[in-house]
Amino acid sequence: MLDIKKIRRQPDWFKEKLATRGTKPEEIDEVLDLDAKRRDLLQQTETMKAKRNAVSKQIGDAKRANKPADDIIAQMRDLGDQISKLDEQVEKVEEEFHDKMSRLPNVPHKDDPVSLTEEGAIELRKVGHIRDFDFEPKHHWDVGENLGILDFDRARKVSGARFVYYLGLGAQLERAVYNFMLDEHMKEGYTEVLPPYIVNAASMFGTGQFPKFKDGVYQVNGEDMTLIPTAEVPLTNYYRGEVIPEEELPVKVTALTPCFRSEAGAAGRDTRGLIRMHQFNKVEMVKYTKPEDSWKALDSMTANAENILKKLEIPYHVIRLTTGDMSFTASETRDLELWMPAQHKYREVSSCSNCLDFQARRMHTQYRGKDGKLHYVHTLNGSGLACGRTVAAILENNQNEDGSVTIPKVLVPYMHGVTKITKENAVPFRNKH
RNA sequence: GGAGAGUUGGCAGAGUGGUAAUGCAUCGGACUCGAAAUCCGACGAACCCAUGUUGAAUGGGCGCGCAGGUUCGAAUCCUGUACUCUCCUCCA
């Protein structure tokens, strides 16, 4: 949520900034109109209420003194009616105002590449080297299905499209991946959290998914509950409505959770493989910081995500997203994209964002500074990393000509010493004869 | 799922229709070499509006879990609802 007082003061600056994200200038004008209307009505109703309070006091005094007050009470009845009519208008205007305000995206950082599409993203760095295959690398879904560790067909039968069964060493590989990630983040000072996977609408509002992006999520039928599309929601809402003790800042948390997304509007895209699922695991990082610390915190969070890919020896690059491609709440976003040799392109595996006070305003999350005053915290979130896509990248990058997959060195201890997934060791129940 | 009890300021805790006691904590001051104790004073979340300021406030609104209702007036009465606790039921 943006600060209406700032918008009032410099509407043109906001129009210009938000235009780079696809917000029409009229949307700002609407907000300002509603704000003016709201304040006008408030002044009227508050004047009346002040009068009512004063007269009510007189009535109270009269009653206590056993004096008649019927004539004043009759007058006040009329005033009461006027107030409630006015209050109805106020409520209506405020509701509309709030709705429009909560649909305005965050202001992009001044150095964000300006573009309404994803074209124009800046490549910040390229890391690791891309393997030269002396055979035609297979897609990860073929690698996985050939080994028997991924079963999309039966998932389709049991659940539907965009679901998968991992089996045997495939399931273990995913588990190794997220255990490794969590351990790495804990070394960096993040506290591990196991949050709820279902949250209420207030939480979805707090992190910015509601009201604008209701389509993307699974809603529990008839209830005020949503399956989390990312652990960002329960992690960031942890302190919703609270004042964080200053000495606790910065707070750094990490969590492995499944993420549920309806993928409405993505029909036909990435229909095969692990890239775009209705349910996937992700290790998320969330930080709460003081305003002056958030940009450094974004750097270190990005480094924490990169650390995982470096140690897994997966080639990747880091890009800075355009104004039009960033998530609604972000002021700056850096994506990590890992190399998928069969697709011959980079695919997103992490998104690290600084939301400044945008979410904190929605959630009313503050801290009391040394000046004794309350300040909004800054919130950051980043994937560290999406597990399914990481597994996909391992299957593609580490595949061998005979169809086996070499386990990255750092994961071998997590695989109980297994260094390679082969048809023979992949899924024990298939090899019993 | 059923029954009951509860939810008031940072904390504790009064208040059953007349507009939120009190204590602790906090902040300022006095006393003191200093501190504690004591005394005096201030302060009751956040938010919103107006005038003003840009680290100055002042006035008003709102405010007793939340949302409605009754009333001239609601912490107080009514309805719904969330959460907490206890018991029953169920369950991993």
Side-chain angles (χ1 to χ4, degrees), chain A residues 1-10 31-102 194-206 210 220 222-226 234 237-248 288 290-292 357-377:
Chain A
M1 191 88 79
L2 299 171
D3 185 350
I4 184 62
K5 288 175 186 162
K6 285 184 184 159
I7 300 180
R8 258 182 234 155
R9 212 169 304 149
Q10 31 184 196
V31 162
L32 285 170
D33 285 348
L34 288 165
D35 177 51
K37 206 165 164 189
R38 163 180 152 268
R39 287 191 292 155
D40 179 50
L41 288 169
L42 271 178
Q43 281 177 50
Q44 292 179 47
T45 184
E46 285 185 5
T47 308
M48 289 183 186
K49 282 177 182 171
K51 187 179 175 191
R52 179 174 69 184
N53 286 343
V55 175
S56 285
K57 208 164 211 165
Q58 287 176 27
I59 295 174
D61 291 343
K63 289 272 184 185
R64 249 179 312 234
N66 273 321
K67 285 185 201 157
D70 294 350
D71 48 334
I72 324 182
I73 289 177
Q75 278 178 40
M76 293 311 289
R77 192 168 293 152
D78 190 47
L79 185 64
D81 288 345
Q82 289 182 48
I83 289 175
S84 45
K85 269 183 204 151
L86 221 43
D87 271 349
E88 263 173 53
Q89 290 183 52
V90 170
E91 196 185 338
K92 217 173 130 192
V93 171
E94 274 191 335
E95 200 176 304
E96 205 180 334
F97 169 73
H98 187 253
D99 183 66
K100 291 259 159 50
M101 273 298 283
S102 57
L194 201 159
Y197 301 160
I198 306 182
V199 296
N200 58 31
S203 298
M204 292 296 282
F205 179 86
F210 283 4
V220 177
E223 292 199 50
D224 176 33
M225 306 201 97
T226 307
N237 277 280
Y238 181 75
Y239 280 118
R240 170 154 53 81
E242 294 192 37
V243 177
I244 305 178
E246 188 182 14
E247 57 273 16
E248 282 185 21
Y288 301 79
K290 293 185 200 176
E292 61 268 31
D357 62 358
F358 189 84
Q359 292 179 321
R361 283 179 178 283
R362 292 179 157 242
M363 295 189 298
H364 301 293
T365 302
Q366 299 165 302
Y367 74 96
R368 195 175 296 279
K370 290 200 171 64
D371 56 4
K373 290 183 181 163
L374 291 169
H375 304 276
Y376 288 109
V377 298

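First the proteins, then the strands, lettered A, B, ... as listed; each starts at 1.
Of the candidates B:C72, B:C49, B:G68, B:G68 carries the atom nearest the A:Glu91 side chain, counting heavy atoms from C-beta on. Nearest to the side chain of A:Glu46, among B:C48, B:G18, B:A50, sits B:C48. Each of B:G73, B:C48, B:G61 was ranked by its minimum atom distance to the side chain of A:Ala50; first place goes to B:G61.
A salt bridge links A:Asp35 to A:Arg39: one of the charged nitrogens lies within less than 4.0 Å of a carboxylate oxygen.
At whole-Å resolution of the value, NZ in A:Lys49 and C1' in B:U19 are 15 Å apart. The distance between atom CZ of A:Arg38 and atom P of B:C62, rounded to the nearest whole Å, is 16 Å. Following rounding to the nearest Å, A:Phe97 (CZ) and B:C48 (C1') show an atom-to-atom distance of 11 Å. Nucleotide B:G60 holds its P atom 10 Å from the CG atom of A:Asn53, rounded to whole Å. Atom NZ of A:Lys37 is separated from atom C1' of B:C48 by 19 Å (rounded to the nearest Å). Counting to the nearest Å, the P atom of B:C47 and the CZ atom of A:Arg361 are 10 Å from each other.
Pair assignment for B:A67: B:U79, on the basis of Watson-Crick or G-U wobble contacts that are both within less than 3.5 Å. Nucleotide B:U86 has B:A3 as its partner under the Watson-Crick or G-U criteria, with both atom distances under 3.5 Å. Pair assignment for B:A12 gives B:U22, based on Watson-Crick or G-U wobble hydrogen-bonding distances that are each under 3.5 Å. Look at B:A36: it lacks any Watson-Crick or wobble partner with both distances under 3.5 angstrom. Under the Watson-Crick and G-U wobble criteria, each requiring two contacts below 3.5 Å, nucleotide B:G41 is paired to B:C27. Base-pair partner of B:A50: B:U58 (Watson-Crick or G-U wobble, both distances under 3.5 Å).
Other residues, nucleotides and ligands contribute at most 12 non-hydrogen atoms within 6.0 Å of the CD atom of A:Glu95. Under a cut-off of 6.0 angstrom, the local environment of OH in A:Tyr238 is sparse, with at most 12 non-hydrogen atoms contributed by other residues, nucleotides or ligands.
Note on A:Ile59: a base of the nucleic acid sits closer than 4.0 angstrom, heavy atoms only.
Ring geometry for A:Tyr288 versus A:Tyr239: interplanar angle over 60°, hence perpendicular rather than tilted (30 to 60°).
Contact annotation: A:Arg77 side-chain N/O to B:U71 OP1/OP2 distance is not under 4.0 Å. Remark: A:Arg8 is in phosphate contact with B:C49, judged by side-chain N or O atoms under 4.0 Å from OP1 or OP2.
Residues A:Val243 and A:Tyr367 come closest through the heavy atom pair CG1-CA, 4.0 Å.
Between the P atoms of B:U16 and B:G65, the separation comes to 15 Å (whole Å).
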